[in-house]
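Working notes, structure below.
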Amino acid sequence: MKLRVIVALFVIVLATAGGWWWWHAGAQQALVASALPVRPDQGAMAPALGGEVAQADVRARSRLTARRGLVELSRLYHGNGFFAEALTCYSILEQLEPAEPRWLHLHASILAGYGELDPAIKLWQRVTQLAPDYVAARLRLGDAFLKANQAGPAAAEYERVLKLHPDDSYALLGLARIDLEAKQWARAKERLETVVRQTNFSLGYDLIVSLYERLGLRDEAAVIRGSAKASGAYRDFPDPWLNELMDVCYDPYRLGLTAGVAAQGGDTATGIRLLQRAIRLSPDDVSSHFQLGGIAEMQKDTKTARDQFELCTQISPTFSDGWAHLSDLQARNGEPAAAERTLTEGLAHCPDSPGLHLMRARKLREAGQASAAINEYQTSIQLRPNEPDAYVELGKLFIELGQENEGIRQMQLALEADPGDPTALGMMAFHAISTTHESEAHHWLNRIAQQPRAPRELTSVLFQAYQQAFGRAFTADRPAD
């Protein structure tokens with residue numbers, strides 16, 4: 001008798017739970033179905049994306065899969081730039097799961113992109129309460145406060161990030177921006193110097209140059225301009241909740257951009273994964289193949305790099321970088337004949353490529369064909385006059401041929417293109433030393449001493465030459481205070 005009672009009670013509990021679950025699922029379905037955004041026109045989407053959206057929309061309207069379908073829709077819309085539809089999805093998800101910070105964060109990121117800072121700030125404040133250790137939300141909240149001219153709350157958020165991660169460069173950069181607005185030059189200088197040192201000039205480059213010039217530190221500004229010439233653009237901070245949307249992105253261009261940022265930041269696995277996705281979506285997109293080859297080359301995966309660069313030359317024969325990187329890879333891999341054939345074919349397809357003409361000039365110079373090399377260097381310069389390499393190499397060739405004045409003129413042109421080029425600076429210093437013009441030698445050595453790109457071996461040799469020529473050790477000028 002007792003067993004029957006227990007079984008009966010168990011059945012009643014199951015039935016009650018099942019009934020409650022069925023009712024709850026129905027309530028979710030009703031809420032989701034009543035508020036779902038209208039699906040965009042299929043013509044506005046890639047075919048594969050349109051199919052995914054249609055399937056997710058069906059799931060979102062089903063009693064058993066309403067929440068899952070809604071989450072899929074939010075990701076598909078947001079990850080592919082359909083922001084209005086994504087906002088609607090997030091609003092529903094926030095009603096279903098008010099304690100889930102992810103939906104609030106993604107919602108706020110879209111609003112902030114539209115310039116709607118006040119509602120974005122309110123959402124991010126809730127995120128930081130629900131997920132106090134999620135650094136990306138605190139950084140975005142600080143940035144939003146800063147854009148809204150609320151320096152105090154912005155500084156407070158950046159300081160909270162630094163309590164979690166004392167070396168966070170993005171939080172330091174935010175505080176430096178606040179210092180600049182407040183004209184706290186010394187504190188801004190200290191923070192910006194830390195940021196550029198930590199990030200190798202990926203962050204804070206423009207601000208510190210402007211600050212140095214404002215403080216009259218023009219030599220320091222010139223040094224940083226030289227050392228950071230090719231440092232690259234600003235990198236956004238890691239934001240896993242936002243970045244994972246790229247896994248459902250159907251835009252190869254956006255995938256390539258995100259992959260490049262990830263690889264530059266050291267996350268090559270993510271870069272490779274996103275590029276492989278871009279290639280699956282658009283097999284003939286040469287930029288994705290080229291980026292993938294570049295990452296493989298960086299990782300010393302010669303086979304993958306070669307395969308990808310070869311594909312570049314086949315997919316887009318007028319894409320000169322594919323030929324250049326393939327030829328260079330072949331040359332470094334001990335295949336000079338193949339490298340030469342690739343270079344020749346590349347020039348046939350890309351006769352206006354300054355990089356390929358520079359490669360040809362180098363090979364001709366190595367082969368002792370000086371006259372032909374000079375012509376190729378000059379062609380490269382005509383096609384790309386704002387880069388120093390061809391000037392420098394042409395100047396060296398002229399000096400080797402005994403045409404020193406013309407060689408020095410090319411070095412001067414190189415420094416017009418890049419005032420911090422170490423080789424050109426070194427050649428100008430050596431020329432001044434060898435012709436016993438001490439004031440000129442001191443000028444050039446002073447610039448070299450302030451140039452971080454100058455190799456230590458070069459400066460050591462030049463300092464010794466200076467001492468031998470003028471009977472005293474070189475002493476660099478002290479920077480202005």
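Start at 1 with the first residue, then count along the sequence.
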Does the distance from a Lys or Arg side-chain N to an Asp or Glu carboxylate O, for D328 and R332, drop under 4.0 Å? yes

Checking R277 against Y250: charged group under 6.0 Å from the ring centre and within 45 degrees of the axis? yes

Salt bridge E404-R409, side-chain N to carboxylate O under 4.0 Å: no

Will you find, in the side chains of Q410 and E406, an N or O donor that is under 3.5 Å from an N or O acceptor? yes

Keeping the roles fixed (side chain from S380, backbone from E376), state whether a donor-acceptor pair exists under 3.5 Å. no

Do Q299 and D301 get their side chains close enough for a donor-acceptor pair, meaning under 3.5 Å? no

Report yes or no: does T435 contribute a side-chain atom to a donor-acceptor pair with the main-chain N or O of H431 at less than 3.5 Å? yes

If you measure from CG on N243 to SG on C249, what distance do you get to the nearest 0.5 Å? 12.0 Å

Does a side-chain heavy-atom distance below 4.5 Å link I272 with L292? yes

Sequence neighbours left out, what passes ring-ring contact (aromatic ring centres under 6.0 Å, His included) with H78? Give chain and number order. F83, Y90

Passes salt bridge (Lys or Arg N to Asp or Glu O under 4.0 Å), R75 versus D247? Steps please. CA-CA 9 Å; R75 285 166 52 79; D247 290 330; 5.4 Å; no

Looking at P283, is its backbone amide N or carbonyl O close enough to the side chain of H289 to form a donor-acceptor pair, meaning the two atoms are under 3.5 Å apart? yes

What do the steps show when you test R160 against E157 for salt bridge (Lys or Arg N to Asp or Glu O under 4.0 Å), and what is the final call? CA-CA 5 Å; R160 290 186 181 105; E157 289 304 323; 2.8 Å; yes

Between E193 and K189, does any NZ, NE, NH1 or NH2 come within less than 4.0 Å of an OD or OE carboxylate oxygen? yes

Minimum side-chain heavy-atom gap N80-M45 below 4.5 Å: no

Under the salt bridge (Lys or Arg N to Asp or Glu O under 4.0 Å) test, which residues partner E52, sequence neighbours left out? none

Among S353, C312, S287, find the residue that satisfies the side-chain contact (heavy atoms from CB on, under 4.5 Å) test when tested with F319. C312

Less than 4.5 Å apart, side chain to side chain, heavy atoms only: is that true for Q330 and R306? yes

Answer with yes or no whether the side chains of S327 and R341 bring together a donor and an acceptor at under 3.5 Å. no

Are side-chain heavy atoms of F237 and L173 found at a separation under 4.5 Å? no

To the nearest 0.5 angstrom, please state how far the CD atom of E335 sits from the OG1 atom of T342. 9.0 Å

Tell me the closest heavy-atom pair linking L458 and P422, and the distance in Å. CD2-O, 3.7 Å

Heavy-atom closest pair (Y377 atom, A390 atom, distance to 0.1 Å) is CD2-O, 4.0 Å

For a quick check under 3.5 Å, do Y134 and D239 share a side-chain donor-acceptor pair by atom type? yes

Whether the Y205 and N200 side chains hold a donor-acceptor pair (N or O, under 3.5 Å, no angle test) is what I'd like checked. no

